[in-house]
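Start at 1 with the first residue, then count along the sequence.
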Amino acid sequence: MKKIIGTILAAALSVSSLTAFASGAIPDHRGTSMDGIEIGTASLNSTVKSYSDLFKEAGDQYGVDPNLLAAICMQESSGRNLSYRDDGSEYPAWGIMQIEYTLESSFAEFGLRTTGEEWTLEDRLDPEKAVPFAAYLISQSLISYDCDYMKMIQAYNFGQTVLDRIIDAVGDEWLSERINAAQYADNWPYDTYGDAEYIEHVLRYYHQDIDYIGAKVRINGELLAFEDQYPLLETINGSTYTLIPVRGVSEALDAEVEWDGENNTVEIQKDGIDITLFIDSDTAVLNGEEVALETPAMIKNGRTMVPLRFVMESFNLDVDWDQDTRTVEITK
């Protein structure tokens, strides 16, 4: 006999398009205060908006607010740098300048891992390649700085190694550092390069024009990193559910995961509890008993996504949702 297990995590997702920073607008921000920094004084321009689907797709996949991703890419290119298609038509080159000097190898490896083909310097001018790579870099930096978005933005500008050297040199005054960052870099190809005002420039471009369905996960307060697909909030019949990449979370909880590609099933085992989920099915099996789900497991970007609350509560773990920071808090 089927029984419904719990109520899947629901969240209110309505956000207004404000021209100033609102609480919770940047997911799970913590660390450096944003006091005194003006945010959102200029809307994303038409060029950015025309590529909103690309920013949204990459942002949702890598757990980065697509509005912030767009703002960083716009600041990097000033929204004006153009490349040209084979037919001569122009398109914005959301290229990342640092790729040419310090990230060429990482960019090539990222392309190989995600598409099976190494990317070249010329590929950095292709927004469909540069934007996902930018989202990946941002997601990695957010993990390193525990969702301190101010440090993430600055690390994106200077490079994390350079920012860390600045912090080591001036401590808590790193944000007001106005001395050329080149003095902290090895073999930097420029005589002059940027300063901390870069943060303010990025955040002036930040707007909530692009819907974001991503979320963060913390286990016992520690931010969890995912390889190439972050949790998503899926709205079904007016209710919103959190779907998590099963392997990343389960392994962080010391659970065993097995994927059966022939039958499209995933089995999770922990502490004598056994769960089997079927892709695109609203039925699961918990310790041999069939149960009903309010949302099915599904495949996103090659990753198996499962309903978070059902899995966590089946393992007797506490799950809370923080709407302001868009963060799932798991206690084990």
> Applying salt bridge (Lys or Arg N to Asp or Glu O under 4.0 Å) as the test, list every pair that has at least one member in residues 231-243; sequence neighbours left out.
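Counting only pairs at least two positions apart or across chains, the salt bridge (Lys or Arg N to Asp or Glu O under 4.0 Å) contacts touching residues 231-243 are Glu234-Lys300.
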> For the atom pair CD1 (Ile72) and CD (Gln75), what is the distance rounded to the nearest 0.5 Å?
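Going from CD1 on Ile72 over to CD on Gln75, the span is 9.5 Å.
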> Do you see a donor-acceptor pair shorter than 3.5 Å between the side chains of Tyr206 and Asp65?
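There is such a pair (donor and acceptor under 3.5 Å, judged by atom type) between the side chains of Tyr206 and Asp65.
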> Contact between Val257 and Val266 at the side-chain level, heavy atoms closer than 4.5 Å - yes or no?
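Of all side-chain heavy-atom pairs linking Val266 with Val257, at least one is under 4.5 Å.
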> Could you walk me through whether Asn287 and Glu289 pass the side chain to side chain contact (heavy atoms under 4.5 Å, CB included) check?
CA-CA 6 Å; Asn287 288 338; Glu289 184 175 358; 5.9 Å; no
> Take Asp318 and Arg309 through the test salt bridge (Lys or Arg N to Asp or Glu O under 4.0 Å) and record every step on the way to the result.
CA-CA 9 Å; Asp318 293 329; Arg309 187 172 288 275; over 6 Å; no
> Looking only at heavy atoms, which two atoms of Trp321 and Ala215 are closest? And how far apart?
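Looking at all heavy atoms of both residues, the shortest contact is CZ3-CB, 3.9 Å.
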> Using 0.5 Å steps for rounding, measure from the CE atom of Met150 to the CD1 atom of Ile199.
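Here the interatomic distance stands at 4.5 Å.
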> As an exercise, state the distance from CD1 of Ile330 to CD1 of Ile219, rounded to the nearest 0.5 Å.
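So the gap between those two atoms works out to 5.0 Å.
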> With a 4.5 Å cut-off on side-chain heavy atoms, are Pro307 and Tyr241 touching?
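They are not in side-chain contact.
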> Answer yes if the side chains of Thr265 and Asn263 hold a donor-acceptor pair under 3.5 Å, and no otherwise.
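Note: Thr265 and Asn263 side chains miss the donor-acceptor criterion.
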> With sequence neighbours excluded, give me every salt bridge (Lys or Arg N to Asp or Glu O under 4.0 Å) pair touching residues 236-256.
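Those involving residues 236-256 are Arg247-Glu251.
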> Transitive ILVMFWY cluster of Leu112 at side-chain heavy atoms under 4.5 Å: who else is in it?
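None; Leu112 is a cluster of one.
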> Assess whether atom CG of Asp87 is packed by more than 12 heavy atoms of other residues, nucleotides or ligands within 6.0 Å.
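Above 12, so yes.
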> Looking only at heavy atoms, which two atoms of Gly59 and Leu69 are closest? And how far apart?
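Minimum heavy-atom separation between Gly59 and Leu69: N-CD2, 3.9 Å.
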> Side-chain polar contacts of residues 132-141 - donor-acceptor pairs under 3.5 angstrom, sequence neighbours left out - could you list them?
| unit_1 | atom_1 | unit_2 | atom_2 | d |
| --- | --- | --- | --- | --- |
| Ser139 | OG | Tyr136 | O | 2.7 |

> Do side-chain atoms of Arg113 reach the backbone of Phe110 as a donor and acceptor pair under 3.5 angstrom?
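Judged by distance alone, no pair lies under 3.5 Å.
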> Does a side-chain heavy-atom distance below 4.5 Å link Gln154 with Trp174?
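Yes, side chains in contact.
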> Is any side-chain heavy atom of Met305 closer than 4.5 Å to one of Ile244?
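No, too far: nothing below the 4.5 Å cut-off.
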> Using modelled atom types and a 3.5 Å cut-off, is there a donor and acceptor pairing between side-chain atoms of Arg165 and backbone atoms of Tyr184?
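Yes; at least one donor-acceptor contact below 3.5 Å.
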> Is the backbone of Glu128 close enough, under 3.5 Å, to the side chain of Asp126 for a donor and an acceptor to pair up by distance?
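Here the side-chain-to-backbone pair exists.
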> Is the closest side-chain heavy-atom distance between Met312 and Val249 below 4.5 Å?
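They are in contact (side-chain heavy atoms under 4.5 Å apart), so the answer is yes.
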> Distance alone, cut at 3.5 Å: any donor-acceptor contact between the side chains of Glu227 and Tyr62?
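Looking only at side-chain atoms, Tyr62 and Glu227 do not form any donor-acceptor pair under 3.5 Å.
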> Between the side chains of Asp28 and Arg30, is the shortest nitrogen-to-carboxylate-oxygen separation below 4.0 Å, so that they form an ion pair?
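A salt bridge is present here (some side-chain N lies under 4.0 Å from a carboxylate O).
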> Of all heavy-atom pairs between Tyr198 and Glu76, which one has the smallest distance, and what is that distance?
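Distance-wise, the nearest heavy atoms are OH-OE2, 2.7 Å.
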> According to a 4.5 Å side-chain heavy-atom criterion applied to Ile, Leu, Val, Met, Phe, Trp and Tyr, with indirect links allowed, do Val285 and Met298 form part of one hydrophobic cluster?
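As far as the 4.5 Å side-chain criterion goes, Met298 and Val285 are not connected within one cluster.
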> In this structure, would Met74 and Leu125 fall into the same cluster of hydrophobic residues linked by side-chain contacts under 4.5 Å?
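Not linked; separate clusters.
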> Count I, L, V, M, F, W, Y as connected when their side-chain heavy atoms are under 4.5 Å apart, and connections chain through other members. Are Leu308 and Val291 then in the same cluster?
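Per the 4.5 Å side-chain linkage, Leu308 and Val291 are co-clustered.
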> Check residues 271-280 and write down every donor-acceptor pair under 3.5 Å in which the side-chain atom is one partner and the other belongs to a residue at least two apart or another chain.
| unit_1 | atom_1 | unit_2 | atom_2 | d |
| --- | --- | --- | --- | --- |
| Asp274 | OD2 | Gln269 | NE2 | 2.7 |

> Would you mind reporting whether Phe315 and Ile268 have side-chain heavy atoms less than 4.5 Å apart?
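They are in contact (side-chain heavy atoms under 4.5 Å apart), so the answer is yes.
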> Please determine which of Asn67, Val131, Asp209 meets the side-chain contact (heavy atoms from CB on, under 4.5 Å) test together with Phe55.
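Running side-chain contact (heavy atoms from CB on, under 4.5 Å) over Asn67, Val131, Asp209 with Phe55 returns exactly one hit, Val131.
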> Give, for atom OH of Tyr156 and atom CG of Leu142, the distance between the pair rounded to the nearest 0.5 Å.
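The CG atom of Leu142 is 12.0 Å from OH of Tyr156, to the nearest 0.5 Å.
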> When you look at Tyr230 and Asp60, which way does the side chain to side chain contact (heavy atoms under 4.5 Å, CB included) test go after all the steps?
CA-CA 7 Å; Tyr230 272 69; Asp60 289 340; over 6 Å; no
> Taking the side chain as everything from C-beta on, heavy atoms only, tell me whether Asp320 gets closer than 4.5 Å to Thr327.
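SC-SC contact between Asp320 and Thr327 ruled out.
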> Are more than 12 heavy atoms from other residues, nucleotides or ligands located less than 6.0 Å from atom CD of Gln183?
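Check passes, neighbour count above 12.
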> Identify whether the distance between the nearest side-chain nitrogen and carboxylate oxygen of Asp123 and Lys129 falls below 4.0 Å.
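Here Asp123 pairs with Lys129 in a salt bridge, since their nearest N and O are under 4.0 Å apart.
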> Nearest heavy-atom pair of Leu293 and Ala284: which atoms, and what distance?
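Closest approach of Leu293 to Ala284: CD1-CB, 4.0 Å.
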> Specify the closest pair of heavy atoms between Leu317 and Lys332, including all atoms of both residues, with the distance to one decimal.
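Distance-wise, the nearest heavy atoms are CD2-CB, 3.5 Å.
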> Would Thr331 and Asn220 count as a side chain to side chain contact (heavy atoms under 4.5 Å, CB included) here? Give the steps.
CA-CA 5 Å; Thr331 304; Asn220 290 345; 3.8 Å; yes
> Checking Arg326 side chain against Tyr212 main chain: does a donor-acceptor pair fall under 3.5 Å?
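Present.
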> Assess whether side chain to side chain contact (heavy atoms under 4.5 Å, CB included) is satisfied between Gln61 and Asp228, documenting all intermediate values.
CA-CA 7 Å; Gln61 181 175 356; Asp228 51 17; 4.3 Å; yes
> Taking side chain as C-beta onward, heavy atoms only, is Pro231 less than 4.5 Å from Pro245?
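A side-chain contact under 4.5 Å exists here.
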> Ignoring hydrogens, what is the shortest heavy-atom contact between Trp94 and Pro127? Give both atom names and the distance.
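Shortest heavy-atom contact: CD1-CB, 3.3 Å.
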> When you measure from the side chain of His207 to the backbone N and O of Ile210, does any donor-acceptor pair fall under 3.5 Å?
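A pair under 3.5 Å: no.
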> Less than 3.5 Å apart, any donor N or O on the side chain of Tyr145 or Asp164 sitting next to an acceptor on the other?
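Result is yes, a qualifying pair exists.
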> Counting only heavy atoms from other residues, nucleotides and ligands, does the tally under 6.0 Å from CD of Glu57 exceed 12?
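No, the 6.0 Å shell around CD holds no more than 12 heavy atoms from other groups.
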> Rounded to the nearest 0.5 Å, how far does OG1 of Thr32 lie from CD1 of Ile37?
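Between atom CD1 of Ile37 and atom OG1 of Thr32 there are 9.0 Å.
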> Can you tell me which residue pairs pass the salt bridge (Lys or Arg N to Asp or Glu O under 4.0 Å) test with a partner in residues 136-163, sequence neighbours excluded?
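Every pair satisfying salt bridge (Lys or Arg N to Asp or Glu O under 4.0 Å) with a residue in residues 136-163: Asp146-Arg218.
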> Rounded to the nearest 0.5 Å, what separates atom OG in Ser106 from atom CD in Glu109?
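Rounded to the nearest 0.5 Å, the OG-CD separation comes out at 6.0 Å.
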